[in-house]
Participant: 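Structure in structure tokens, see below.
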Amino acid sequence: MSSILRTQKANAAKAEAKGKLKRKADDMEVDDEAPVQPKKRNKQRVLLLSSRGVTQRMRHLMSDLEALLPHVKKESKLDSKSQLHLLPELADLNNCNNTLYFEARRHEDLYMWAAKTPNGPSIKLHVHNMHTMDELKMTGNCLKGSRGMLSFDKAFDESEWGKLTKEVFTHIFGVPPLARRAKLFIDHVLTFSILDNKIWFRNFQIFEKDPQQPNAPPSTSLVEIGPRFVLTPIRIFEGAFSGVTVYSNPEFITPTAVRRLVKQSKGDKYGKRKDAQQDNARRKALRRKEEDALAVSKVFG
């Protein structure tokens, strides 16, 4: 019996020694391995909303942008235009870290706010020369929910406001690969170009082959889809919809001032025409001769 106990104790000691050696080896392997860094995920989400007073054309433009950006979450209209400080709270409630806010004025002027919430910066731009997909009726087409490549003009890197605008637009218009409604395909390009200190937006479909010549060798081409619009930067603020002015466009003239100048020029034309009529009547009165005694009106009157 004692020999059996001695044998069991010896076997237990050997097993314990082997377990310690294995644990030491495992510890050494863990120490040798590099720490695994978690992958950074692109979690950009955009809140899209407008103010009261938008027209049908403006609403269709917003619908086109919503169809192009699957990571957009649309919200109902904002009642008050003077309470922009509520927008960061709305974005936080909707779990969004970017905001696209369209502000309509006088039922004909449209302004776009592109902001990073809740800390900023925010960019205010004037939207003009806009054309929706229904108006253009282009031949290009792309899959709904597909991701689009972003193409920026090299002029964005030549100015400080251009670099900041490029960064904000990359966060807003760049669709994350793991967005909930995004497809895995990349079949269109969103282009941003600077010309005359204005940002020109275009959307093109990527054609790998010409549909009219299916047997021809592959050649990449671009076909415009729409929508298209032009953005004029007005101001860049440090915070979200508020804060210190980082950039102000000195060349921007409000649409109201432009309309006032047009009306003033028309009024000047009207005033000049009336002055010419008065001068003509004055000259006719000076050239009029007095009737003599043998005039027909006096002889036969």
Participant: Please report the interatomic distance CG(L87) to SG(C96), rounded to the nearest 0.5 Å.
Facilitator: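 Reported to 0.5 Å precision, the distance equals 12.0 Å.
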
Participant: Restricting to non-hydrogen atoms, name the atom on F207 and the atom on V223 that form the minimum distance, rounded to 0.1 Å.
Facilitator: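 In this case the closest contact between F207 and V223 is CD1-CG2, 3.1 Å.
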
Participant: What residue pairs, at least two apart or across chains, pass side-chain hydrogen bond (donor to acceptor under 3.5 Å, both in side chains) with a residue in residues 220-234?
Facilitator: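 Passing the test, one end in residues 220-234: H128-T232, E224-R228.
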
Participant: Any link between V189 and I225 through a network of hydrophobic side chains (Ile, Leu, Val, Met, Phe, Trp, Tyr) touching at under 4.5 Å?
Facilitator: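 In one cluster: no.
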
Participant: With a sphere of 6.0 Å drawn around CG of L184, does it hold more than 12 non-hydrogen atoms of other residues, nucleotides or ligands?
Facilitator: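 Not more than 12 within 6.0 Å, no.
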
Participant: Taking all non-hydrogen atoms of both residues into account, name the closest pair between N249 and P233 and its distance.
Facilitator: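 Closest pair (atom of N249, atom of P233, distance): ND2-O, 2.9 Å.
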
Participant: Which distance, rounded to the nearest 0.5 Å, do you find between the CG of L110 and the CZ of F229?
Facilitator: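 If I round to the nearest 0.5 Å, the distance is 9.5 Å.
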
Participant: Nearest heavy-atom pair of L90 and N94: which atoms, and what distance?
Facilitator: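 That would be O-ND2, 2.7 Å.
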
Participant: Do the side chains of V127 and V230 get nearer than 4.5 Å, heavy atoms only?
Facilitator: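 No, their side chains stay 4.5 Å or more apart.
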
Participant: Give a yes or no on whether the backbone of T55 and the side-chain of H107 come within a donor-acceptor separation of less than 3.5 Å.
Facilitator: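 Here the side-chain-to-backbone pair does not exist.
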
Participant: When K116 is tested against each of N97, N98, T99 for side-chain hydrogen bond (donor to acceptor under 3.5 Å, both in side chains), which residue passes?
Facilitator: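 Single side-chain hydrogen bond (donor to acceptor under 3.5 Å, both in side chains) partner of K116 among N97, N98, T99: N98.
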
Participant: Please examine the side chains of K166 and D157, heavy atoms only from C-beta on, and report whether any two atoms are closer than 4.5 Å.
Facilitator: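 Answer yes - side chains close enough.
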
Participant: Could you tell me the separation between the CD1 atom of I234 and the OG1 atom of T254, rounded to the nearest 0.5 Å?
Facilitator: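 Between I234 CD1 and T254 OG1, I get 9.0 Å after rounding to 0.5 Å.
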
Participant: Which value, rounded to the nearest 0.5 Å, describes the distance between K124 atom NZ and L231 atom CG?
Facilitator: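 Atom-to-atom, K124:NZ and L231:CG are 13.5 Å apart.
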
Participant: With sequence neighbours left out, write down each residue that passes salt bridge (charged side-chain N to carboxylate O under 4.0 Å, His left out) with R282, or none if nothing qualifies.
Facilitator: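 Residues passing salt bridge (charged side-chain N to carboxylate O under 4.0 Å, His left out) with R282: D279.
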
Participant: Can you tell me if NZ on K43 sees more than 12 non-hydrogen neighbours from other groups inside 6.0 Å?
Facilitator: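 No - once you tally the heavy atoms of other residues, nucleotides and ligands closer than 6.0 Å, there are 12 at most.
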
Participant: Run W113 and I123 through side-chain contact (heavy atoms from CB on, under 4.5 Å) and show every step you take.
Facilitator: CA-CA 6 Å; W113 287 81; I123 308 172; over 6 Å; no

Participant: Under 3.5 Å, sequence neighbours excluded: what are the donor-acceptor pairs made by side chains of residues 136-146?
Facilitator:
from : atom 1 : to   : atom 2 : distance (Å)
S146 : OG     : L143 : O      : 2.8
S146 : OG     : D187 : OD1    : 2.7
S146 : OG     : H188 : ND1    : 3.4

Participant: Is it the case that more than 12 heavy atoms not belonging to I253 sit under 6.0 Å from its CD1 atom?
Facilitator: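 12 or below, so no.
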
Participant: Taking L222 as the starting point, is it possible to reach I186 by hopping between hydrophobic residues whose side chains are less than 4.5 Å apart?
Facilitator: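 In one cluster: yes.
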
Participant: Could you report the tightest heavy-atom contact between A104 and G53, atom names first, then the distance?
Facilitator: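 Shortest heavy-atom contact: CB-O, 3.7 Å.
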
Participant: Calculate, to the nearest 0.5 Å, the distance between atoms NZ and CG belonging to K73 and L49 respectively.
Facilitator: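 Spacing of NZ (K73) from CG (L49) equals 12.5 Å.
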
Participant: Applying side-chain contact (heavy atoms from CB on, under 4.5 Å), name anything that partners K284, two or more places apart in sequence or on another chain.
Facilitator: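 Partners of K284 under the side-chain contact (heavy atoms from CB on, under 4.5 Å) test: N280, R287.
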
Participant: For residues V246 and F237, determine if any side-chain heavy atom of one lies less than 4.5 Å from a side-chain heavy atom of the other.
Facilitator: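 V246 vs F237: side chains apart.
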
Participant: Hydrophobic clustering (ILVMFWY, side-chain heavy atoms < 4.5 Å, transitive) - are F204 and F169 grouped together?
Facilitator: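 No, it is not one cluster - the side chains of F169 and F204 are not joined through contacts under 4.5 Å.
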
Participant: Considering only heavy atoms from C-beta outward, does the side chain of P121 approach that of V168 to under 4.5 Å?
Facilitator: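 Heavy-atom side-chain distance check passes, below 4.5 Å.
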
Participant: With hydrophobic residues grouped by side-chain heavy-atom distances under 4.5 Å, do F241 and Y111 end up in a single group?
Facilitator: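 No, no single cluster joins them.
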
Participant: My understanding is that only residues two or more places apart in sequence, or in another chain, count here; which of them pass salt bridge (charged side-chain N to carboxylate O under 4.0 Å, His left out) with R147?
Facilitator: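 Scan of R147 (salt bridge (charged side-chain N to carboxylate O under 4.0 Å, His left out), adjacent residues dropped) gives none.
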
Participant: So, for S122 and G239, which heavy atoms are closest and what is the spacing to 0.1 Å?
Facilitator: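 That closest heavy-atom pairing would be OG-O, 2.8 Å.
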
Participant: Show the atom names and distances, to 0.1 Å, of all donor-acceptor pairs under 3.5 Å that link a side chain in residues 61-71 to residues at least two apart or in another chain.
Facilitator:
from : atom 1 : to   : atom 2 : distance (Å)
S63  : OG     : R59  : O      : 3.1
D64  : OD2    : M133 : N      : 3.0
H71  : NE2    : I172 : O      : 2.8

Participant: Could you name each residue pair satisfying salt bridge (charged side-chain N to carboxylate O under 4.0 Å, His left out) that touches residues 90-103, not counting sequence neighbours?
Facilitator: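 Passing the test, one end in residues 90-103: E103-R105.
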
Participant: Show me the donor-acceptor pairs within less than 3.5 Å that the side chains of residues 194-203 make with the rest of the protein, sequence neighbours left out.
Facilitator:
from : atom 1 : to   : atom 2 : distance (Å)
N197 : ND2    : E251 : OE1    : 3.1
W200 : NE1    : L195 : O      : 3.2
N203 : ND2    : G226 : O      : 3.0

Participant: If you measure from CG on D153 to OG1 on T191, what distance do you get to the nearest 0.5 Å?
Facilitator: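 The OG1 atom of T191 is 9.5 Å from CG of D153, to the nearest 0.5 Å.
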
Participant: What residues, two or more places apart in sequence or in another chain, satisfy salt bridge (charged side-chain N to carboxylate O under 4.0 Å, His left out) together with E167?
Facilitator: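 E167 satisfies salt bridge (charged side-chain N to carboxylate O under 4.0 Å, His left out) with no other residue.
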
Participant: Same cluster for L47 and V175 if Ile/Leu/Val/Met/Phe/Trp/Tyr side chains link at under 4.5 Å?
Facilitator: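 The answer is no; the residues belong to distinct hydrophobic clusters.
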
Participant: For residues 253-264, pull every pair meeting salt bridge (charged side-chain N to carboxylate O under 4.0 Å, His left out), keeping only residues two or more places apart or in separate chains.
Facilitator: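 Found E108-R259, D109-R259.
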
Participant: Please confirm whether the backbone N or O of M130 pairs with a side-chain atom of R57, one donor and one acceptor, at under 3.5 Å?
Facilitator: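 Side chain of R57 to backbone of M130, a donor-acceptor pair under 3.5 Å: yes, one is there.
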
Participant: Looking only at the aromatic ring of each residue, does the gap between the centers of W161 and F156 stay below 6.0 angstrom?
Facilitator: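 Aromatic pair excluded; centres sit 6.0 Å or further apart.
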
Participant: Between R45 and N95, is a side-chain contact (heavy atoms from CB on, under 4.5 Å) present by the stated rule, with each step listed?
Facilitator: CA-CA 7 Å; R45 296 183 183 88; N95 197 19; 3.8 Å; yes

Participant: With sequence neighbours left out, write down each residue that passes side-chain contact (heavy atoms from CB on, under 4.5 Å) with L150, or none if nothing qualifies.
Facilitator: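 Checked L150 against side-chain contact (heavy atoms from CB on, under 4.5 Å); matches are F152, T170, F173, L190, F192.
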
Participant: Only counting residues at least two apart or in another chain, list the ones meeting salt bridge (charged side-chain N to carboxylate O under 4.0 Å, His left out) with E89.
Facilitator: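 For E89, no residue satisfies salt bridge (charged side-chain N to carboxylate O under 4.0 Å, His left out) once neighbours in sequence are set aside.
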
